[in-house]
Amino acid sequence: MLAIAALSTGFALLFAGITIGNVLERFVMRGLDERLDAQVAVLARAVRPDATLDRTRAVDLPEFGVPGSDWSWQVKGPAGRVDSGTTRPLPPSTPPALPPAPPVEALPPVPRPDHERPHPPGPGGREDRQLHAGDTRDRSGERLHSRTMDVTTPRGTVTITAIGPRRIVEEPLREAMIPLLGSLALLGVGLALATLLQLRFGLRPLRDLRTSLAAVRAGTERHVPADQPGELQPLVTELNALIDQNAAGLAHARQHVANLAHGLKTPLAALSLKLAEANADDDVRDMVDQIDRRVRHHLGRARADATGGARARTPIAPAVTDLVAVLRRIHADRPIALDIAIPADLAVAIDPQDLDEMIGNLLDNAWRHARGAIAIGAEADGPFVSLSIADDGTGLGDAAIAQAMLPGRRLDEQGDGHGFGLSITRELAELNGGTITLGRSPALGGLLTRLDLPQHR
């Protein structure tokens, strides 16, 4: 928008400068034409019927006929050529040869009505259409301007030309154009600043709308504020309706999960009692306890969503530390060197169990495929926290990365995995307003997993 406004303003100022310059040139040129036409009118009155010039009536107006000046005149006709003595060369315009006319004395005078009698030529007069303008240069290269008129006599046509220097037009025009161009330049700067301010303040509601949407995505707000300018009000209404629709769909899906979890709760409690009575193995009882904790977790989430509870603040560093301790015991046969760089005060707006499940899935994948090193880092990235987990394994190609996110899709047939870890992590990240991306680690050369989650401020 700023570029379009700048180009439009530039073209408008250029057009204004050219137009004003042309108007000024025509105005100044009219003054020069009037002075030349006045001299032509004086000479036209001095032309006799025999095509000769009456020198007693051929008066030189001021500036004309002065030796060495650039003002001059000339009269050409059947009787010859007469000039002021300072005539500048003009383009050749020799009138067509006419047969010699009889002497004036042999021609009887023919009276003419008043409306056919010649009137003094000049701009705006009846004879103005008979005057012709021309431009040429003298021997020194200076530009000259002329006005020419043809007077018809019984002996033939007499051509009267008055010449003046064009600099008397160019100099004042130049003096007028310099401040004019300066004024237009200042006007252009002012318009550019005004456009910049207009765009800055005019687009402020859009920046506020973006901030409000970021707050909704981060979970700190449920809706975009309805107090918006009239131009944005329909958009905000549709956005809030879309947010409500998505929230309703998510609540409906979680309700199904809650119903399923509630249905499993009683059988799991009974199974736990049976295992206790049968003195079952501790590993089996531990697995049942994990299932029970999962069920209770989803029930708790369903209750939190039903009451509109705010998202919990979950520090990242303690969660990673606990998960690393667990995975060291699980993968005791695979010693891995860990490089952990996570600020202690960095926290996300995620349920603790959701965070444990996402990071646990990613760390478990990295541990199983790493050759000997894993790097874990986290940093604030605007309204999000970017958690990265990289290993020194073989990594994945572009085609394999696209398939890795599919539920149940395993890219290797070794180990005891089921192929749901990455898809579950992506689902949990998207439900919490985050994203997950896969790539290749430039430092370790293996798989790089980046998990972006809303930051808790």
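All figures in this text were calculated on a predicted structure; none of them were measured in a lab. Worth knowing before you read on, the calculation uses all heavy atoms, side chains too, and leaves out hydrogens, waters and symmetry mates.
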If you look at every heavy atom in [X] and [Y], which pair is closest and at what distance?
X	Y	answer
P318	P315	CD-CB, 3.7 Å
L448	S441	CB-N, 3.7 Å
L447	L438	CD1-CB, 4.3 Å
S212	V224	CB-CG1, 4.0 Å
A366	I389	CB-CG2, 3.9 Å
L36	A162	O-CB, 3.6 Å

So, the side chain of [X] versus the backbone of [Y]: is there a donor-acceptor pair under 3.5 Å, distance only?
X	Y	value
N22	I18	yes
R334	A370	yes
R440	G445	yes
H369	T394	no
D392	A373	yes
D351	Q353	yes
Q455	G382	yes

Item checked: Modelled atom types, side-chain donor and acceptor of H223 and D244, under 3.5 Å ->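 The criterion, which ignores hydrogens and geometry beyond distance, is satisfied for D244 and H223.
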Check: Is the closest side-chain donor-acceptor distance between D60 and W71 under 3.5 Å?
Finding: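 The criterion, which ignores hydrogens and geometry beyond distance, is not satisfied for W71 and D60.
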Notebook entry, point to check: Crowded around R143 CZ? As in, over 12 foreign heavy atoms under 6.0 Å?
Noted result: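 Yes, because the 6.0 Å sphere around CZ of R143 holds more than 12 heavy atoms from other groups.
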Check: Just wondering, are more than 12 heavy atoms of other shown residues or ligands nearer than 6.0 Å to CG in L242?
Finding: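 Enclosed: over 12 neighbouring heavy atoms sit under 6.0 Å from CG of L242.
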Next item on the list: Please lay out, stage by stage, how M358 and I350 fare under the test side-chain contact (heavy atoms from CB on, under 4.5 Å).
Entry: CA-CA 11 Å; M358 287 186 287; I350 300 294; 4.0 Å; yes
Margin query: Under 4.0 Å between a side-chain nitrogen and a carboxylate oxygen: does that hold for R368 and D391?
Written below: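 D391 and R368: not salt-bridged.
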Margin query: Strictly below 4.0 Å, N to O, side chains only: are R35 and D33 in salt-bridge contact?
Written below: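 Salt bridge between R35 and D33, a charged N being under 4.0 Å from a carboxylate O: no.
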Note to self: Once you measure the plane-to-plane angle for W367 and H331, does it fall in the parallel (<30°), tilted (30-60°) or perpendicular (>60°) bin?
What the structure shows: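 W367 and H331: parallel rings.
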Notebook entry, point to check: Under the salt bridge (Lys or Arg N to Asp or Glu O under 4.0 Å) criterion, do R30 and D37 qualify, and how do the steps go?
Noted result: CA-CA 10 Å; R30 184 176 180 84; D37 292 347; over 6 Å; no
Next item on the list: Mind running salt bridge (Lys or Arg N to Asp or Glu O under 4.0 Å) on D208 and R210 for me, showing each step along the way?
Entry: CA-CA 5 Å; D208 295 340; R210 182 183 63 183; over 6 Å; no
Notebook entry, point to check: At what distance, to the nearest 0.5 angstrom, does CD1 of I374 lie from CG of L327?
Noted result: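 Between I374 CD1 and L327 CG, I get 8.0 Å after rounding to 0.5 Å.
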Next item on the list: Nearest 0.5 Å please: distance from the CD1 atom of I336 over to the CG atom of L363.
Entry: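 Those atoms lie 11.5 Å apart.
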Next item on the list: Could you go through the side-chain contact (heavy atoms from CB on, under 4.5 Å) check for L387 and L453 one step at a time?
Entry: CA-CA 8 Å; L387 174 68; L453 299 172; 5.8 Å; no
Check: Between R450 and S386, is a side chain to side chain donor-acceptor pair (under 3.5 Å) present by the stated rule, with each step listed?
Finding: CA-CA 7 Å; R450 175 170 173 168; S386 180; 2.8 Å; yes
